[in-house]
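Here the structure is laid out as C-alpha cells; the discussion comes afterwards.
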Amino acid sequence: MKRAVIMLLALLCCAACGRGEPPSPATLRADTTPESLIEELTQRYDLPESLLLQSAADLAALLQIKEKALLSGCGRIAIEEGNPCQLLLVQAAPGKAEAATAALQKRLETVRQAFSGSPAAQSGQVITAGDYALLIITPAGDAAAVRQEVTGFFTGAE
C-alpha cells in the first residue's frame with residue numbers, strides 16, 4: 001500500500017513539474033496590426049531604406065523555421081550594405097512560441113557576429129509578448145527604453 005501511495009505521489013509530482021507556465025495572454029492592442037507596428041517602429045527609429053517582408057512565409061524562410069510554426073509575420077531589413085538594422089515581428093502558432101523566439105534569437109546572434117563593431121547590432125534584442133516575438137536592431141541606444149516602448153503596443157504584456 002505504501003508503495004502504491006509513493007508511486008502515485010511521484011506521478012503527481014512529475015505531472016506537476018512537467019507543466020510549464022501558460023503563455024502570457026498578451027495580444028496586440030486593438031488599434032495595432034503587425035504591419036502598422038513595424039511601420040511605426042520603422043519611422044520612430046529612422047530605419048533606413050529597407051526590404052519589406054510581408055508574410056509568415058518570408059519570415060520562416062529568413063529564420064530557417066517551418067512555416068507552420070508561424071501564424072503571421074512581417075518585418076523590415078536595412079538594404080544598405082554594412083547596416084544591421086532590422087525589425088522582424090512574428091506571431092507563433094499555438095505551442096510554437098519558444099521555437100519562434102529561438103529562431104529570432106539565433107538571427108540576432110548571427111547579426112551580432114556579422115556586425116561585431118556595430119553598436120546597433122550589439123544592443124539588438126528579442127522582445128516577446130504572448131505568442132508574438134519581435135527582433136529589434138535599431139540605432140536607438142537605450143535598450144530598456146525600446147523594450148518598454150515596444151511592449152506598450154501590447155495588452156497584457158509585462
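Because the structure is predicted, anything quoted here is derived from the model rather than measured.
The pair E109-R112 counts as a salt bridge, with a side-chain nitrogen and a carboxylate oxygen less than 4.0 angstrom apart.
In the hydrophobic clustering of ILVMFWY residues, with side-chain heavy atoms under 4.5 Å counting as a link, L89 and L41 come out together. Under a hydrophobic-cluster definition in which Ile, Leu, Val, Met, Phe, Trp and Tyr are linked whenever side-chain heavy atoms come within less than 4.5 Å, directly or via other members, L104 and I77 are assigned to the same cluster. Under the 4.5 Å side-chain heavy-atom criterion for Ile, Leu, Val, Met, Phe, Trp and Tyr, V146 and L37 are members of the same hydrophobic cluster. Linking Ile, Leu, Val, Met, Phe, Trp and Tyr whenever their side-chain heavy atoms come within less than 4.5 Å puts L87 and F153 in one cluster.
Looking at every heavy atom in both residues, S72 comes nearest to P34 through OG-CG, 4.5 Å. In this structure, A97 and D131 approach most closely via the heavy-atom pair CB-OD1, 4.1 Å. When all heavy atoms of A129 and A26 are compared, the pair lying nearest together is C-CB, 3.6 Å. The shortest heavy-atom contact between V90 and A100 is CG2-CB, 4.0 Å. Here the closest non-hydrogen pair linking C85 and P48 is CB-CD, 4.5 Å. Looking at every heavy atom in both residues, R76 comes nearest to I38 through CG-CG2, 3.9 Å.
Judged purely by atom type and a 3.5 angstrom limit, Q125 uses its side chain to pair as donor or acceptor with the backbone of A143. Distance alone, capped at 3.5 Å, places no donor-acceptor pair between the S36 side chain and the T32 backbone.
Contacts of T138 classified as side-chain hydrogen bond (donor to acceptor under 3.5 Å, both in side chains), with partners at least two apart in sequence or in another chain: none.
Rounded to the nearest 0.5 Å, atoms CD (Q122) and CD1 (I137) are 9.5 Å apart. Atom CG of residue N83 and atom CD of residue E49 lie 11.0 Å apart, to the nearest 0.5 angstrom. Atom OG1 in T110 sits 10.0 Å away from atom CD in Q105 (nearest 0.5 Å). The distance from the CG atom of L135 to the CG atom of L108 is 5.5 Å, given to the nearest 0.5 Å. From I127, atom CD1 reaches atom CD of Q148 across 11.0 Å, with rounding to the nearest 0.5 Å.
In this structure, E39 and L52 have side chains that are in contact, with non-hydrogen atoms separated by less than 4.5 Å.
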In residues 53-71, what donor-acceptor pairs under 3.5 Å come from side-chain atoms, sequence neighbours left out?
| from | atom 1 | to | atom 2 | distance (Å) |
| --- | --- | --- | --- | --- |
| S55 | OG | A57 | N | 3.4 |
| S55 | OG | D58 | N | 3.1 |
| D58 | OD2 | Q54 | N | 3.1 |

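Screening residues 111-141 for ring pair (Phe, Tyr, Trp, His ring centres under 6.0 Å), with sequence neighbours left out, gives Y132-F154.
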